[in-house]
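Quick caveat, the model's predicted, so the values are computed rather than measured. Whatever order the structure lists ligands and atoms in, that order sets their numbers, starting from 1.
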Amino acid sequence: MKPHVLVSRRVFPEIVARLREHFEVETNDADEVWPRAELIRRLQGKAGVFVTSSEPMDADLLAACPDLKAVCSMAVGYNNIDVAACTKRGVLASNAPGVLTETTADLGFALMMAAARRVSESERFLRRGEWTRWAVDMFAGSDVHGATLGILGMGRIGQAIARRGALGFSMPVVYHNRSRLDPAVEAELGARYVSKDVLLRESDHIVIVVPYSPSSHHLIGAAELSMMKPTATLTNIARGGLVDDAALAEALRDKRIGAAGLDVFEGEPTVHPGLLEASNIVLTPHIGSASLPTRRAMANLAVDNLIATLGSGASRRVPPTALNPEVLGRLSAS
Ligand code: DGY
């Protein structure tokens with residue numbers, strides 16, 4: 001008997017086909033966002049679940065789904081998964097780091113450049129038919145090349161952004177992170193470790209790539225925004241809730257900072273009305289990792305983790321990107 005797994009959102013057909021080689025699979029072809037009770041109902045009798053970044057996998061849900069042994073996400077961010085609760089219940093949890101690094105860094109850089117050079121704002125102006133003549137300061141923004149790039153959070157994606165800035169655009173890079181990088185990596189990136197306050201004061205363009213947790217909630221609020229240069233840009237490609245969206249909307253409205261580029265929002269897919277009204281902003285709907293090859297690689301990595309955890313015979317092995325590999329001993333004994 002093959003174990004049963006649930007795929008919580010629509011995924012690529014080849015991903016489902018791969019899963020069917022090992023499991024009895026229930027899919028969500030309509031791509032409905034199942035309400036919690038519905039998700040719990042569908043998880044009864046399932047040994048594994050393939051999730052994205054939006055389905056909360058918390059202690060109460062785990063308690064209501066006693067057959068669950070593996071929660072495998074195709075996202076790198078896993079603030080929707082209570083890893084400690086998974087570990088307590090002997091459930092293997094995994095995310096999908098590495099495969100989306102460069103693609104997400106590309107979007108971060110694109111948003112930063114678009115914010116600095118007022119790309120969306122000027123396109124909206126053109127589409128409204130308001131472009132009737134040239135003016136010396138028309139949509140004059142700020143330079144990216146040679147400007148100081150400040151990176152909050154210097155994990156894989158932060159480093160990929162630093163590399164683009166330092167090597168491609170001659171940007172001096174400053175960063176702030178929980179821990180300092182190895183000096184050899186700092187030297188390769190030309191990156192200087194600074195306090196958060198120094199980063200806020202010195203940077204021309206700030207990119208946030210910090211994982212969300214209660215301790216990083218509103219990492220950027222009114223106080224931090226007031227420390228930024230009035231011409232600086234702020235880009236968030238990490239998670240909603242890291243920035244106080246209401247405070248950012250006010251700072252943009254009052255032109256206390258130059259511009260913002262946002263891919264993630266508090267309470268998304270709802271977006272704060274003040275951000276929608278702001279002119280000096282570039283908004284994208286959480287598409288940081290959205291290139292087709294990358295989305296396929298992310299989904300395949302979640303499948304690798306499910307097969308490694310729940311597959312039979314030789315296919316069972318240490319899951320490549322487990323968040324709590326310590327539960328494996330308990331799983332193989334069960
Ligand atoms: C991730 O993988 O965490 C991206 O933000 C997509 O959710």
Side-chain angles (χ1 to χ4, degrees), residues 7-12 15 28 31-34 39 49-58 70-83 86 93-112 151-161 164 177-178 207-217 219-220 234-243 245 260-271 275 282-306 319-324:
V7 182
S8 69
R9 297 295 304 272
R10 182 171 61 79
V11 289
F12 305 107
I15 296 297
N28 181 359
D31 208 17
E32 286 157 7
V33 178
W34 289 322
L39 179 60
V49 62
F50 175 119
V51 294
T52 69
S53 62
S54 37
E55 297 81 52
M57 293 282 135
D58 53 49
V71 172
C72 298
S73 174
M74 66 172 278
V76 65
Y78 55 90
N79 52 303
N80 59 319
I81 304 176
D82 185 337
V83 179
C86 285
S94 67
N95 67 337
V99 288
L100 45 60
T101 301
E102 299 299 331
T103 299
T104 309
D106 284 349
L107 188 86
F109 222 83
L111 285 179
M112 178 188 75
I151 301 181
L152 280 169
M154 201 57 145
R156 291 183 187 83
I157 299 172
Q159 290 176 43
I161 291 169
R164 280 159 178 72
N177 198 38
R178 261 175 316 184
V207 183
I208 305 172
V209 211
V210 175
Y212 180 83
S213 70
S215 63
S216 58
H217 184 74
L219 176 76
I220 301 290
L234 179 72
T235 294
N236 184 8
I237 52 165
R239 278 290 178 272
L242 292 167
V243 175
D245 284 351
L262 300 181
D263 186 47
V264 288
F265 306 88
E266 290 190 284
E268 63 185 50
T270 302
V271 177
L275 295 176
V282 187
L283 304 165
T284 49
H286 203 148
I287 56 166
S289 59
S291 75
L292 274 177
T294 293
R295 285 283 161 89
R296 289 206 163 92
M298 293 161 71
N300 269 307
L301 186 48
V303 174
D304 292 344
N305 280 293
L306 275 167
T321 53
L323 292 163
N324 56 353

- Message: Checking contacts here: is it the side chain or the backbone of Leu100 that comes within 4.0 Å of ligand 1, counting heavy atoms only? Could be both or neither.
- Response: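 Side chain only.
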N/O to N/O below 3.5 Å, does that happen between [X] and ligand 1?
X      : result
Ser53  : yes
Arg295 : no
Ala75  : no

- Does at least one non-hydrogen atom of Met298 fall below 4.0 angstrom from an atom of ligand 1?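 Yes, Met298 has heavy atoms under 4.0 Å from ligand 1.
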- Item | atom 1 (C) of ligand 1 [closest protein heavy-atom partner, distance rounded to 0.1 Å] |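 Closest protein heavy atom to atom 1 (C) of ligand 1: Val76 N, 3.4 Å.
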- Message: Heavy-atom count check: over 12 atoms from other residues, nucleotides or ligands less than 6.0 Å from Arg9 CZ?
- Response: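 It does: Arg9 CZ has more than 12 such atoms within range.
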- Say whether Asn80 and Ser54, considering side chains only, have a donor N or O and an acceptor N or O under 3.5 Å apart.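 No, no side-chain donor-acceptor pair sits under 3.5 Å.
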- Ligand-residue contact atoms, ligand 1 with Gly77, heavy atoms, under 4.0 Å: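 Close to Gly77: 1 (C), 2 (O), 3 (O).
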- Query: If you count the atoms of ligand 1 from 1 in the order shown, which ones are under 4.0 Å from a heavy atom of His286?
  - Reply: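 It comes down to these atoms of ligand 1: 4 (C), 5 (O), 6 (C), 7 (O).
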- Message: Do Arg295 and Phe12 form a cation-pi contact, if we require the NZ or CZ to be under 6.0 Å from the six-membered ring centre and within 45 degrees of the ring's axis?
- Response: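 That pair does not qualify as a cation-pi contact.
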- Item | Beyond-backbone contact of Asp263 with Leu111, side-chain heavy atoms, under 4.5 angstrom |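 Yes, side chains in contact.
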- Item | Nearest atoms (heavy-atom pairs only) where Gly158 meets Ile151 |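 Closest approach of Gly158 to Ile151, heavy atoms only: O-CD1, 3.4 Å.
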- Message: What I want to find out is whether Glu102 reaches Arg164 closely enough, with some N-O distance under 4.0 Å, to be called a salt bridge.
- Response: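 Judged by the 4.0 Å cut-off on N to carboxylate O distance, Glu102 and Arg164 do form a salt bridge.
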